[in-house]
Enquirer: 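Encoded as structure tokens, here's the structure I'll be asking about.
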Amino acid sequence: MTQMNITDKPIRIAIIANGKYQSKRIASKIFNVLRDDPDFYLSKKNPDVVITIGGDGMLLSAFHMYEKELDTVRFVGIHTGHLGFYTDYRDFEVDKLIDTLRQDQGDSISYPILKVKVTLDDGRVYRSRALNEATVKRIEKTMVADVMINKVKFERFRGDGILVSTPTGSTAYNKSLGGAVLHPTIEALQMTEISSINNRVFRTLGSSLIIPKDDRIVLVPKRLGTYTVSIDNKTYHHKNIAKVEFYISNHKIHFVSTPSHTSFWARVKDAFIGDLDS
């Protein structure tokens with residue numbers, strides 16, 4: 001747990017909600033309560049705290065809205081649907097959240113994020129940040145690419161694509177591909193193959209890999225063509241990629257440390273296992 005710098009100035013609050021009626025209703029309630037409170041200043045510009053209302057997808061969108069301000073902003077989520085991994089409060093706990101913000105001392109819980117650098121054959125470079133994961137796939141045919149880990153040529157991959165996830169993203173697409181679930185405070189990346197081809201001629205490791213924070217994954221496509229690069233909930237198309245680099249960012253995402261920030265393992269249990277018989 002870390003502590004952000006706080007002053008006697010009002011806490012700048014941004015409220016970000018999805019388009020559903022319930023989310024808009026909750027956003028309106030929070031706005032009406034906080035707008036006349038001298039301890040808070042409502043603004044989407046340079047906020048200290050971002051309140052997201054909806055679900056994990058809404059928080060992902062808010063993360064990308066403020067990804068250049070990660071060192072100074074903290075997030076807290078209200079979920080209006082099923083239990084989320086990033087959202088601490090239910091839609092009927094608005095008053096509880098407001099009380100928490102009034103008692104806030106700047107404490108935060110921080111998780112690592114992923115940096116992605118795409119270099120094209122013509123020299124153009126695109127950089128992105130991912131909270132959950134990034135994937136690379138070839139559109140036309142099977143993707144063939146050399147996988148380099150910390151400058152070591154690890155394997156020549158053939159298949160649908162490669163996914164690299166953060167620990168927080170390990171419960172998403174990564175898990176559906178058979179990857180491991182990692183606690184979000186672990187500073188590591190996970191690389192998971194998407195439908196790799198394995199036979200007498202072509203071989204890959206086949207299992208997911210946990211990569212330490214100081215190592216870098218480099219994907220070098222061996223065929224020209226159009227590739228899709230997905231960063232969380234955004235998808236980009238690039239022609240003739242020279243290489244894609246994945247590594248842990250020097251920045252982290254910070255969440256408001258609240259009594260409702262429940263155990264990660266409790267969330268995993270609730271999401272995938274449910275109640276156990278005694």
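These numbers come from the heavy atoms of this one structure, side chains and all, not from hydrogens, waters or symmetry mates. Note that the structure is predicted; figures quoted are calculated from it, not measured.
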Enquirer: Verify the ring-centre separation between His183 and Phe264: is it less than 6.0 angstrom?
Expert: yes

Enquirer: Measure from NZ or CZ of Arg216 to the centre of the six-membered ring of Tyr247 and say whether it is under 6.0 Å with the direction within 45° of the ring axis.
Expert: yes

Enquirer: Can we say Arg12 and Asp48 salt-bridge, meaning some charged N sits less than 4.0 Å from an Asp/Glu carboxylate O?
Expert: no

Enquirer: Is there side-chain contact between Tyr126 and Val229, with heavy atoms separated by less than 4.5 Å?
Expert: no

Enquirer: Are any of the side-chain heavy atoms of Pro112 and Thr166 separated by less than 4.5 Å?
Expert: no

Enquirer: Would a hydrophobic clustering, with Ile, Leu, Val, Met, Phe, Trp and Tyr connected at side-chain separations under 4.5 Å, put Phe246 with Ile149?
Expert: yes

Enquirer: Pick out which of Arg158, Lys222, Lys243 makes a salt bridge (Lys or Arg N to Asp or Glu O under 4.0 Å) with Asp146.
Expert: Lys222

Enquirer: Drop me the distance from Ile231's CD1 to His64's NE2, to the nearest 0.5 angstrom.
Expert: 7.5 Å

Enquirer: Any side-chain heavy atom of Phe40 within less than 4.5 Å of one from Val49?
Expert: no

Enquirer: Taking C-beta and beyond as the side chain, do Arg156 and Lys153 meet within less than 4.5 Å on heavy atoms?
Expert: yes

Enquirer: Among side-chain atoms of Ser208 and Gln190, is any donor-acceptor pair under 3.5 angstrom?
Expert: yes

Enquirer: Taking atom NZ as the centre, does Lys115 end up with more than 12 heavy-atom neighbours from other residues, nucleotides or ligands that are less than 6.0 angstrom away?
Expert: yes

Enquirer: For Met191 and Ile162: C-alpha separation, side-chain torsions, deciding distance, then whether side-chain contact (heavy atoms from CB on, under 4.5 Å) applies.
Expert: CA-CA 7 Å; Met191 185 185 76; Ile162 291 286; 3.8 Å; yes

Enquirer: Ring of Phe272, cation from Lys175 - is the NZ or CZ under 6.0 Å from the centre and inside 45° of the axis?
Expert: yes

Enquirer: Which residue in the set Val220, Val116, Thr119 passes side-chain contact (heavy atoms from CB on, under 4.5 Å) when paired with Glu245?
Expert: Thr119

Enquirer: Hey, are Arg74 and Asp104 close enough for a salt bridge, meaning a charged N less than 4.0 Å from a carboxylate O?
Expert: yes

Enquirer: Within the structure provided, determine whether Arg223 and Glu140 are in side-chain contact (heavy-atom separation under 4.5 Å).
Expert: no

Enquirer: Between Arg102 and Asp39, is there a side-chain N and carboxylate O pair less than 4.0 Å apart?
Expert: no

Enquirer: Could you tell me whether Lys252 and Glu187 make a salt bridge, using a distance below 4.0 angstrom between a side-chain N and a carboxylate O?
Expert: yes

Enquirer: Check Phe157 against Ile194 and note the closest heavy-atom contact, atom names and distance.
Expert: CZ-O, 3.7 Å

Enquirer: Mind listing the closest non-hydrogen atom pair of Gly161 and Met143 along with its distance?
Expert: CA-CE, 3.6 Å

Enquirer: Okay, side chain of Asn174, backbone of Ala180: is any donor-acceptor separation there less than 3.5 Å?
Expert: yes

Enquirer: Please check if the distance between the ring centroids of Phe75 and His254 is under 6.0 Å.
Expert: no

Enquirer: Taking the basic N atoms (NZ, or NE/NH1/NH2) and the acidic carboxylate oxygens, is any pair closer than 4.0 Å for Asp91 and Lys29?
Expert: no

Enquirer: Taking CG in Asn250 as the centre, count heavy atoms belonging to other residues, nucleotides or ligands within less than 6.0 Å. Is the count above 12?
Expert: no

Enquirer: Give me the ring orientation class for Tyr86 and Phe255: parallel if the planes are under 30° apart, tilted from 30 to 60°, perpendicular past 60°.
Expert: parallel

